[in-house]
Protein chains: 2
Amino acid sequence: MLKYETIAQNIQSRIESGDLAPNDKLPTVVDLCDRYGVSKITVKRAFEILTEKGLIASKRGSGTYVKNTTELFDTGSVDPLLVGEDGTREDTFGFTRSDQPIGFTASHSARGRSVSSVVYDFSVTNPPESVARHLNISPYDFTYYFCRVRCLEGEPITIEYTYMPIDVTPGLKRDQLYHSVYAFVQDTLGLKISSFHRIIRAVGATEEEAERLQLDTSAPLLEISQVGFLDDGTPFEFSVARSNGKRSELRDVNVI
Amino acid sequence: MLKYETIAQNIQSRIESGDLAPNDKLPTVVDLCDRYGVSKITVKRAFEILTEKGLIASKRGSGTYVKNTTELFDTGSVDPLLVGEDGTREDTFGFTRSDQPIGFTASHSARGRSVSSVVYDFSVTNPPESVARHLNISPYDFTYYFCRVRCLEGEPITIEYTYMPIDVTPGLKRDQLYHSVYAFVQDTLGLKISSFHRIIRAVGATEEEAERLQLDTSAPLLEISQVGFLDDGTPFEFSVARSNGKRSELRDVNVI
DNA sequence: AAGTGGTCTAGACCACTTC
DNA sequence: AAGTGGTCTAGACCACTTC
């Protein structure tokens, strides 16, 4: 593990354990330099990681402090609050960088939930013009196309429509669709997934979607359209995922 | 302007002008050090900014390359694609760090659109228990509470419910609700807004919301619940904003 | 005046890719 | 073997806050 990662992790542990409470002042940068035998830039790097996670905030001339964030993220669900609302959402998906598992399978099985899939379509086709543009390929190139519903503990949560260029991710089999396609891309093909560009919207379920997700037609769905990129910048997937609005949420920490 | 900001901006301009095309290789770090008369860490910092924006990707041992992102972000709207969909969304709100204006007023008026508000409620109350928890205050403390509808070119887009502790943002007047409350917080009160923690969901419009947003009851809305923090970590607002799903979207670049 | 974080230098050393 | 980005040092200098 890198030095700045070690330092960041140590501090994060102290915050999570309550050893460092909200509004507490962290040791100064120079203090930590001495304690870890590193130079300022390394401590600064560690602080940046934690700042990005929304855990701390540095104030020039004053010090670095633990942010008061336990409330929002510990409750597990947002409160009913202003409008009559239901309980806990099960498909919670964080934006936070680098320490969250990617994809539906990884984020849920990491929490000990059973993930399953129903596959409604799996074919090789020419992508629609707009999809080809997003994938940086020609509409005459071939892509895998599949539609599947992801379930948590047997309950349908998300319907996914995905295009993947066969030249980039060759050898995809129907079998893999029942498990993690990202695991196939990373482990079997040895490719490195590096980023996603997303657009998030709220839409109503079509009749077909409502049936597949066991909802009423026009029920609100959280839609995430995304292009996934490999580390060399090649787009490897275009997908649209629509999730039951009552059971899904996205979390985000936005540092200005 | 800081050196790394200058370098990042120069490169970004070259990408936006097309001078650096997708998949082009950037000058090497050492090259740029020479050219700008700076050290490696400074160039690296510039690269980090652009990496975070999703514009470039560095590959150790090989070089740094322009990512192929024009498609997703240039179209102005996502394509109809798989499911029958409508046209351009007007309320587009990026996640990207540090160069986007914050809040509804700033992001839209920056693009030359007229922003107006309808205020449905403005009062001082004790916050619900859950809101008090998020704001790190007692339920017996007082908060401003207001509900307003934000309009673009006269058309209602978003309905907002906001709580702000009166001890943190004293002196809020009804007048300000017709303009930017964030401008009041930053410019009039001199406070520094530093981050937001958000949860994003899809919900159906209540009857009242449907009427205020001129939609059908149960129409899909994109909901953003957020706690806003000042630079010293004090929560200054808890708000829930629900936006017309047909006219709003969130954008995000997620680097792993 | 003393303390604190932010930027930056000039370089060393390393891991990895490319040829 | 040569080239490239990533981590890190030991410090200088600065902007800002606190007292």
Side-chain angles (χ1 to χ4, degrees), chain A residues 1-11 20 23-52 55-67 97-98 186 190-192 194-195 229-234 255-256, chain B residues 1-11 20 23-52 55-67 97-98 190-192 194-195 230-234 255-256:
Chain A
M1 188 143 71
L2 299 168
K3 291 189 185 181
Y4 63 79
E5 288 174 344
T6 307
I7 298 171
Q9 199 162 81
N10 286 353
I11 296 172
L20 280 170
N23 302 319
D24 273 5
K25 186 172 176 175
L26 296 187
T28 68
V29 173
V30 176
D31 254 30
L32 290 165
C33 289
D34 289 351
R35 204 174 306 187
Y36 285 95
V38 301
S39 65
K40 275 181 73 175
I41 274 184
T42 305
V43 170
K44 188 72 205 321
R45 190 62 118 221
F47 279 8
E48 276 162 17
I49 291 174
L50 299 175
T51 300
E52 214 161 62
L55 293 174
I56 63 173
S58 293
K59 298 183 66 180
R60 176 187 289 215
S62 168
T64 301
Y65 302 84
V66 178
K67 276 177 74 179
R97 204 170 310 265
S98 63
Q186 293 186 302
L191 301 173
K192 279 184 194 155
S194 84
S195 69
F229 295 89
L230 300 177
D231 63 345
D232 64 357
T234 312
V255 180
I256 296 173
Chain B
M1 191 144 70
L2 300 169
K3 292 189 184 181
Y4 64 79
E5 287 175 344
T6 308
I7 298 171
Q9 198 161 82
N10 287 352
I11 296 173
L20 279 170
N23 303 320
D24 274 5
K25 186 173 174 172
L26 295 187
T28 67
V29 173
V30 177
D31 255 30
L32 290 165
C33 289
D34 289 352
R35 204 175 305 186
Y36 285 96
V38 301
S39 65
K40 276 182 72 176
I41 274 184
T42 306
V43 170
K44 188 70 208 319
R45 190 61 120 223
F47 279 8
E48 276 162 18
I49 291 174
L50 299 174
T51 300
E52 214 161 60
L55 293 173
I56 64 173
S58 293
K59 298 182 66 180
R60 175 186 290 215
S62 167
T64 301
Y65 303 84
V66 179
K67 276 177 74 178
R97 204 171 309 267
S98 62
L191 301 173
K192 280 183 194 154
S194 84
S195 69
L230 301 177
D231 64 345
D232 63 358
T234 312
V255 179
I256 296 171

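Throughout, protein chains are lettered first and strands after them, A, B, ... in sequence-line order, and every chain is numbered starting at 1. Values reported hereafter were calculated over all heavy atoms of this structure, with side chains retained and with hydrogens, waters and symmetry mates removed.
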Inset, instruction - State which of D/dT7, C/dT4, C/dT9 makes the closest approach to the side chain of B/Val38. - result: C/dT9

Inset, instruction - Would you indicate, yes or no, if D/dT7 has its OP1 or OP2 atom less than 4.0 angstrom from a side-chain nitrogen or oxygen of A/Tyr4? - result: yes

Legend entry - side-chain N/O B/Lys44 vs D/dG6 OP1/OP2, d < 4.0 Å: yes

Legend entry - Side-chain N or O of A/Ser39 closer than 4.0 Å to phosphate OP1/OP2 of D/dT9: yes

Legend entry - Integer-rounded Å distance: D/dT7 P and B/Arg60 CZ: 6 Å

Legend entry - Short side-chain N/O contact from A/Ser62 to OP1 or OP2 of D/dT18, under 4.0 Å: yes

Inset, instruction - Look at the side chain of A/Lys40 and the base of D/dG11, then say whether one donor and one acceptor between them are separated by less than 3.5 Å. - result: no

Inset, instruction - Please state how far atom CD1 in B/Ile7 lies from atom P in C/dT7, giving the value in whole angstrom units. - result: 13 Å

Legend entry - N or O in side chain of B/Thr64 less than 4.0 angstrom from D/dG5 OP1/OP2: yes

Legend entry - Atom-to-atom span, CG of A/Asp34 to P of D/dA10 - whole angstrom: 11 Å

Inset, instruction - Run through B/Asp31, B/Asn10, B/Thr42 and flag the one making a side chain to side chain donor-acceptor pair (under 3.5 Å) with B/Tyr36. - result: B/Asn10

Legend entry - Comparing A/Lys3 and B/Leu26 on DNA chain D - which has the more 5′ nearest nucleotide: B/Leu26

Legend entry - N or O in side chain of A/Lys59 less than 4.0 angstrom from C/dG6 OP1/OP2: no

Inset, instruction - Would you kindly give the NZ-to-P distance between A/Lys192 and C/dA15, to the nearest whole Å? - result: 14 Å

Inset, instruction - For A/Ile41 and C/dC8, give me the distance from atom CD1 to atom P, rounded to whole Å. - result: 10 Å

